[in-house]
Amino acid sequence: MSSVAWLIPALPAASAVVIVALGRKMPVGGAEIGILSLATAFVLSLVLAVEVFGANVAATTSGVGEAFLHTARVELAPIGAGDSLFAGIRIDGLTVMMFLLVTFVSLMVHVYSLGYLHGDERFTWYYAVLSFFSAAMLLLVVSDNLMLLLVGWELVGVSSFLLIGFWWELKANSDAAIKAFLTTKLGDVGLVVGVVALWGQFGTFDIAAITAMVGDGVQAGGAPLDTGLLSFALIAFVLGVVGKSAQFPLHTWLPDAMAGPTPVSALIHAATMVTAGVFLVARLYPLYSAAPAAQATLAVIGAITLLMAGLLALVQEDIKKVLAYSTVSQLGYMVAALAFSYTAGIFHLFTHGFFKALLFLGAGSIIHAAHSNNLRDMGGLAKVMPTTFATFLVGTLALMAVPPLAGFWSKDEILVEAAAAGGYTGSLVLVVGALGGALTVLYMTRVLYLTFAGSFRGEGHPHESPRSMTGPLVALAVPAALIGLVNLPVEAFQPYAFSAWTMFSLEYWQTHPIAFEPAIAAVAVGLALAGFLAGWALYRALPLGDDDPARRLGPVSTVLAEKYYLDRLWTDLVTRTIVRDTAAPAAVTLNDEVIDRAVAGAGRATVATGRRVYDDVDQRGIDGVLHGLATSTWWSGARLRLSQSGNVQLYAGAMLTGVVVLAIVFAVGEVS
Amino acid sequence: MAAVYPLIFAALLFSVGVYGLLSRRHAVLVLMSIELMLAAVTVNLVTFWAIAGDALLTGQVFALFVMAIGAAEIGVGLAIIMLIYRNRASVNIDDADLMKY
Amino acid sequence: MSVPEVVMLATGVVGGAAALLVVTSRNVVHSALYLVVALLAVAGVFLVLGAEFVAWAQVLVYVGAVVVLLLFGLMLTRAPIGPTGQGNELGKAMPLAVALAVFAGLVALIVTSYGGEVIALEHVPPAALGEVLYVAWALPFMTLGFLLTLALIGAVVIARREEGEGPLPEPDPDEPEAAEASPPDSSSWPQRQPEPTPDEREVSA
Amino acid sequence: MSWEQSAITITVALPLVGAAAVALVPRRNEDYAKVLALLVSIGGFALSLAILVGYDWSERGLQYVASVPWIEPAGISYTVAIDGISLPLFVLSYLLTFLCAVYSFHHIEEPGRPKAFLSLMLLLQAGMAGTFIAFDLILFFVFWELVLVPMYFMIGIWGGPNRQYAAIKFFLYTLFGSVFMLVAFLAVYFAAPERTFDLVALQQYGAAGEFAIGFQRLAFLGMFLGLAIKVPMWPFHTWLPDAHTEAPTVGSVLLAGILLKMGTYGFVRIALPVLPDAAVEYAPLIAVLAVIAIIYGALACLAQSDLKRLIAFSSVGHMGFVMLGIATLTPLGINAAIFGMVAHGIITGMLFFLAGTIKERYHTREIAALGGGMLKTTPRLGAVLGLVAIASLGLPGLAGFWGEILALLAAFNPAPELVAAGWLTLYRVLVVFGAVGTVLTAGYFLWMMQRVLMGEPPERWVAAPPEDVSPIEWGAWAPLLVLTVALGPLPFLVTAITDADVTSIMSAFGA
């Protein structure tokens with residue numbers, strides 16, 4: 001089966017081409033081709049998963065053998081002195097896990113978009129790019145070498161650009177698309193430099209070969225490993241991760257990227273593309289293990305990001321932006337997790353992909369119904385949109401890490417691993433991660449309350465979305481709820497669990513068992529509960545500031561009111577004063593005024609520099625020198641040409657004068 | 001007879017011709033000045049023949065040649081002047097500066 | 001002082017004075033007439049020196065033909081033939097200086113080279129000249145004739161009016177001296193062809 | 001003469017003869033000139049393909065060699081040959097001329113006159129192709145200069161409003177450089193142990209270290225001036241934006257597509273192998289100038305308001321990547337450079353076609369005046385522009401990527417001589433700057449796309465949308481578009497041709 005695994009990325013790629021070529025003539029505008037190809041790819045992924053996971057489980061249960069790895073490659077081009085570029089596939093647990101996630105979410109989004117983009121004038125184009133994106137993402141995960149990975153990486157970037165700017169008539173949308181592309185491209189400088197540096201160090205792009213060399217402590221030509229250069233390359237990769245996975249301080253493109261159609265946000269900006277950075281670190285995990293400095297960088301960046309983005313999510317009025325910041329925050333978890341544990345990082349990637357895609361699609365359904373992104377214009381939708389509500393609730397609970405839903409297991413694993421790792425970075429991630437969990441609950445409670453509770457505040461009569469949209473919601477709700485169970489932290493189950501499926505080496509799996517810490521789980525759940533109560537109280541009391549809080553307090557029963565009274569002190573002090581009125585605005589200020597302005601300012605400054613360079617240096621300076629040469633030649637010519645008056649008499653006079661002078665000269669010469 | 005007399009006469013004619021050539025704007029006058037200079041040349045030729053006295057009468061023959069060439073020059077010169085006049089309505093030699101720059 | 005020397009001095013003084021008047025006279029026609037005198041004086045010098053045929057040829061060719069040609073030229077160009085202003089762009093000082101320098105140089109040369117030379121005057125009859133001319137100088141002589149013919153044809157070609165050429169511009173009758181006194185406004189001259197505009201180029205293409 | 005010996009000569013002579021034939025077409029039947037020029041260019045393209053196919057891939061090295069004495073007393077011979085380094089550029093020059101001939105059916109700038117225009121184009125073609133196959137320095141120089149004259153007239157007659165200035169600037173500037181190059185050629189001739197202009201012999205002398213280092217420095221400087229102006233390298237680039245902006249579409253396409261490559265080709269073919277020691281000394285300087293050009297070109301693009309001028313300035317940056325590859329003195333770098341040349345020829349040639357068409361349809365090239373929304377008014381034109389712009393910014397999967405990334409790869413590990421001279425750190429820093437340059441490049445192309453393609457189109461275009469891509473234009477563009485897409489996934493289309501010969505020509509460097 002793994003020998004035809006290349007079909008999995010090839011199918012969507014072919015589908016993209018076919019849709020562009022024939023889509024307009026198809027009955028459903030080409031969508032059926034995309035759905036069919038993704039469905040086939042998903043089935044193939046499942047079959048492949050059985051093979052690969054089965055092989056891995058066989059190894060873990062028996063304790064002998066190796067993690068499943070299948071590579072195959074073809075030469076792409078000779079590039080001199082015997083080196084070549086290769087295109088190759090690498091099938092292992094991680095690849096298959098990403099296959100499952102990407103094909104499934106992509107399939108759901110393909111189906112969902114049938115309803116969401118029904119009647120759009122560029123419907124066919126949309127499906128073409130969507131398929132193209134899936135192909136690029138699958139190429140990224142299946143690459144066996146860094147060069148091909150870079151290719152996939154850039155291709156997802158450009159398809160993201162096309163999809164964010166899908167409604168390009170509005171300048172804001174194309175602005176967002178350009179911002180996304182350029183910001184991630186800035187991060188890609190790191191990736192390119194990293195790839196180049198690793199190639200320079202190891203003389204190959206092949207990930208397996210590089211990993212093996214690092215394992216043996218050698219580099220190209222058998223010289224001893226230069227860990228400084230390796231750390232440089234890996235930290236350069238971190239810059240790429242920061243760009244692509246929207247980590248602090250390059251995260252600002254992701255909320256803007258919500259300008260794209262909502263299914264796109266679900267696919268690209270929640271489940272797949274933004275996880276590419278995390279995937280990259282996971283793919284190179286053996287290298288990162290050898291470079292502690294790079295790991296520490298990951299931990300710090302992840303911790304900053306998860307906290308900061310969580311605070312920002314609190315104050316967004318656009319439902320998609322809440323989810324976008326939430327995604328940034330969750331990506332922070334993953335990045336931080338990868339500083340300590342391979343399994344914890346990718347497990348959160350896996351579960352998050354499902355439930356965040358669900359949440360985005362749910363948000364899309366809500367927006368479809370309410371005709372607005374703004375939380376102010378929603379409310380009371382639970383009654384009219386029962387399916388959306390139920391599935392959205394599942395997604396929210398999973399995100400909130402409520403046991404036993406998906407998010408609980410993966411997030412708990414991160415905290416456990418951070419605690420186990422200890423040290424400054426471990427403690428940082430543990431504390432910040434726990435706080436971040438509470439923040440997550442807080443902002444998701446707010447979203448739930450403002451969207452589904454109370455009465456509808458917007459215009460029109462919202463109704464449930466069509467079946468093509470609710471179907472995927474239901475289909476996604478199942479894994480969102482249950483997928484966490486595949487990695488139950490029970491020792492006896494572990495040889496059959498997710499950690500075994502996706503291991504990159506048997507030795508690592510054996511030395512890094514998955515543990516469960518009741519204390520940490522209890523604290524996390526407690527914090528989550530506190531966050532939920534605080535959020536409920538706060539947003540019940542102060543929905544959005546424009547309704548009178550007292551009037552809203554009225555219907556609440558006295559007992560509850562009294563109970564909340566205590567909570568409200570806590571709420572007012574901690575949540576409202578410190579978090580909402582101080583920290584969150586400060587974060588917003590920092591974000592909007594400093595970071596985003598710095599990013600935008602850097603862009604503007606670059607353009608201004610360009611203008612300066614062009615006007616002053618190029619036109620005035622370099623071209624000026626040239627013009628100066630030309631002008632001086634011209635000037636002396638103009639002086640000289642005065643002698644050429646065309647006046648015959650002048651010429652004659654000059655000639656005769658010359659004759660006389662010559663005669664005198666000769667005469668003098670003769671005499672002397 | 002002293003040889004200097006005709007020679008100085010020729011030098012005088014020539015210098016006057018030079019002056020006229022350089023100082024007048026009327027194209028025909030310039031031609032006349034050239035004729036003066038040519039005449040000076042013929043005087044010199046004849047004088048030098050008289051001094052040397054060769055059998056082939058070279059000086060006289062050359063004087064005749066110069067005369068003929070002078071006549072030809074006047075003919076062509078006047079034709080050019082007329083052409084310039086037709087094109088520019090002027091016989092002012094300062095205006096005939098098409099070759100400038 | 002012998003007779004030939006006296007005659008020589010007299011003709012020299014007359015010819016030199018006439019030559020000076022040629023180049024200084026304000027009236028072009030007067031200049032032409034003074035030129036006749038100057039050239040006659042030259043012929044006189046030739047006679048004194050014994051070159052009889054050359055002297056008569058000088059009278060015939062120059063006085064009889066060239067000056068008449070010049071006068072015709074003056075009339076045909078309808079240029080101002082009355083009194084004309086003197087001087088051109090060069091002014092007078094520079095030509096005068098050059099002329100004096102040339103004269104001084106020549107005189108110095110003549111005096112140093114031929115200061116004591118004496119000419120033994122000898123009369124050459126035209127017949128003797130004819131014998132030399134048609135025997136020893138026959139080939140150059142024919143070449144000269146050819147040259148004269150060519151010059152004649154050339155003059156005709158040059159002066160011939162092109163077909164379709166515009167009529168002669170009429171000089172302003174009120175200001176007959178305009179051409180000499182002030183250079184004509186350059187804008188009235190035929191200018192070099194301006195760059196054709198794209199449209200014109202297309203037409204011409 | 002067998003086909004082996006005469007193939008190249010026939011192929012190069014065909015456009016020359018064609019130019020004369022086109023010029024002799026009677027004026028009243030000027031449209032026949034188009035047909036004739038097309039036939040000639042098709043014939044040339046077919047012949048070049050025949051050479052490509054007939055090339056013995058197992059042998060490699062110089063093939064189709066023909067050498068006859070030409071100016072014997074001066075040791076100048078007519079020596080032509082072709083190898084893997086020449087082939088891609090040689091074929092590309094015929095391809096682009098062919099496409100230009102097709103395009104000329106559709107449109108020739110004011111003042112028309114297809115006869116003169118096409119005749120000049122074919123003359124230009126002969127010069128360009130000849131440069132790539134000349135293996136005698138003087139012959140090389142003759143072809144090199146032959147290119148100047150037709151391009152001068154193309155710009156000067158069919159160009160934009162400022163055509164006189166641009167044409168003279170182009171002509172004088174490049175001529176200025178060529179003079180130094182010629183002097184350097186002569187110097188090499190006299191300095192060689194056995195006086196010769198034969199390139200192969202000179203390369204052997206160069207590899208054997210027959211030239212003293214002091215001499216090499218001066219000679220390399222002379223060649224450097226001539227070649228660098230042609231490339232053009234920063235800061236010798238200022239003729240390029242003017243010439244490109246003013247030139248007619250076909251002129252711009254050929255200028256960007258082929259002419260610029262003559263400079264870089266000269267470095268690879270002549271300067272580096274003949275003067276290897278000086279090349280090692282100059283390489284860091286070239287690399288620094290190249291990276292300056294990358295950043296600088298991108299910055300200058302950000303300041304442009306004219307679409308065509310923007311494309312012209314982008315060439316400065318792209319040629320910077322090519323020169324960076326050359327400055328590494330490694331086979332990888334040279335492969336990258338040749339790939340970059342081919343890709344740039346295809347992509348930028350295509351961009352200039354598009355700029356010409358946009359000017360023709362929208363009657364302006366001002367980005368602000370176009371007003372955006374081209375995807376609405378002329379969707380096909382807009383889509384093609386978008387695709388090519390994305391290719392030009394170096395997106396993987398399209399032609400522009402490999403040249404850039406391979407150049408960066410090569411720069412990370414330059415030739416051992418350069419490492420020994422202590423330049424490793426410099427080159428690695430340059431890699432980072434080069435990578436930043438890719439972001440800036442992406443920046444201005446996206447910015448251009450946003451302002452030209454996206455947004456709501458202005459009223460005047462909505463009311464009367466300009467004509468979309470015409471069939472003739474599709475015909476002229478299709479090969480370029482296909483190559484743009486094909487070179488991305490199939491980079492061996494170029495490197496498989498070049499690799500072996502690059503490795504052998506660069507054997508003078510490295511261990």
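No experiment lies behind these values; they were computed from the predicted model shown. Lettering follows sequence order; numbering is per chain, from 1.
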Kindly give the heavy-atom pair with the smallest separation between A/Trp199 and D/Asn413, and that separation in Å. CZ3-ND2, 4.5 Å
For the student: nearest non-hydrogen atoms of D/Ala435 and A/Val193, plus distance: CB-CG2, 4.0 Å
Identify which part of D/Arg428 has an atom lying under 4.5 Å from any heavy atom of chain A, answering side chain, backbone, both or neither. side chain
Part of D/Pro489 within contact of chain A (heavy atom distance under 4.5 Å): backbone
Counting only non-hydrogen atoms closer than 4.5 Å, does D/Trp447 touch chain A with its backbone (N, CA, C, O), its side chain (CB onward), both, or neither? backbone
Name the option with the most non-hydrogen atom pairs under 4.5 Å to chain D; the candidates are A/Leu170, A/Asp83, A/Asp175. A/Asp175
Minimal heavy-atom distance between D/Leu446 and A/Ile178, with the atoms involved, is O-CD1, 3.5 Å
Taking every heavy-atom pair that is under 4.5 Å apart, which of D/Leu440, D/Leu332, D/Thr503 has the most such pairs with chain A? D/Leu332
Check whether D/Val432 gets within reach of chain A through its side chain, its backbone, both or neither, counting any heavy atom under 4.5 Å. both
Could you look at D/Lys376 and say if it's the side chain, the backbone, both or neither that has a heavy atom under 4.5 Å from chain A? both
Toward chain A, the part of D/Tyr444 with a non-hydrogen atom under 4.5 Å: neither
More than 12 non-hydrogen atoms from neighbouring residues, nucleotides or ligands closer than 6.0 Å to OH on D/Tyr165, yes or no? yes
If you look at every heavy atom in A/Val196 and D/Phe412, which pair is closest and at what distance? CG1-CB, 3.3 Å
D/Leu408, part contacting chain A, at a heavy-atom distance under 4.5 Å: both
One option among A/Leu186, A/Ile79, A/Val151 has the most heavy-atom pairs under 4.5 Å with chain D, and it is A/Ile79
Taking every heavy atom of A/Val189 against every heavy atom of D/Val439, the minimum-distance pair comes out as CG2-CG2, 3.1 Å
Proximity breakdown for D/Thr438 and chain A, heavy-atom pairs closer than 4.5 Å: both
Portion of D/Phe313 that has a non-hydrogen atom of chain A nearer than 4.5 angstrom: side chain
If you count heavy-atom pairs within less than 4.5 Å of chain D, which of A/Val192, A/Asn173, A/Val158, A/Thr609 leads? A/Val158
So what's closer than 4.5 Å to chain A heavy atoms on D/Phe445: side chain, backbone, both or neither? neither
Checked D/Pro235, D/Ala298, D/Pro396, D/Pro241 vs chain A; the most non-hydrogen pairs under 4.5 Å come from D/Pro396
Measuring from D/Met449:CE to A/Ser174:OG, what's the distance to the nearest 0.5 Å? 10.5 Å
Counting only heavy atoms from other residues, nucleotides and ligands, does the tally under 6.0 Å from CH2 of D/Trp461 exceed 12? yes
Non-hydrogen side-chain atoms of D/Leu375 and A/Trp168 separated by less than 4.5 Å: yes
Under a 4.5 Å heavy-atom cutoff, which of A/Ala136, A/Ala197, A/Ala236, A/Ala608 has the most pairs with chain D? A/Ala197
Below 4.5 Å from any heavy atom of chain A, which atoms of D/Leu398 appear? Answer side chain, backbone, both or neither. neither
I'd like to verify something: which residue of A/Leu155, A/Val625, A/Asp188 has the highest number of heavy-atom pairs under 4.5 Å with chain D? A/Leu155
When A/Ala77, A/Pro78, A/Gly200 are compared by non-hydrogen pairs under 4.5 Å with chain D, the top option: A/Pro78
Which region of D/Phe236, side chain (C-beta onward) or backbone (N, CA, C, O), has a non-hydrogen atom less than 4.5 Å from a non-hydrogen atom of chain A, or is it both or neither? neither
Let me know if A/Leu150 has heavy atoms under 4.5 Å from chain D in its side chain, its backbone, both or neither. both
When rounded to the nearest 0.5 Å, the distance separating CG of A/Leu76 from OG1 of D/Thr495 is 8.0 Å
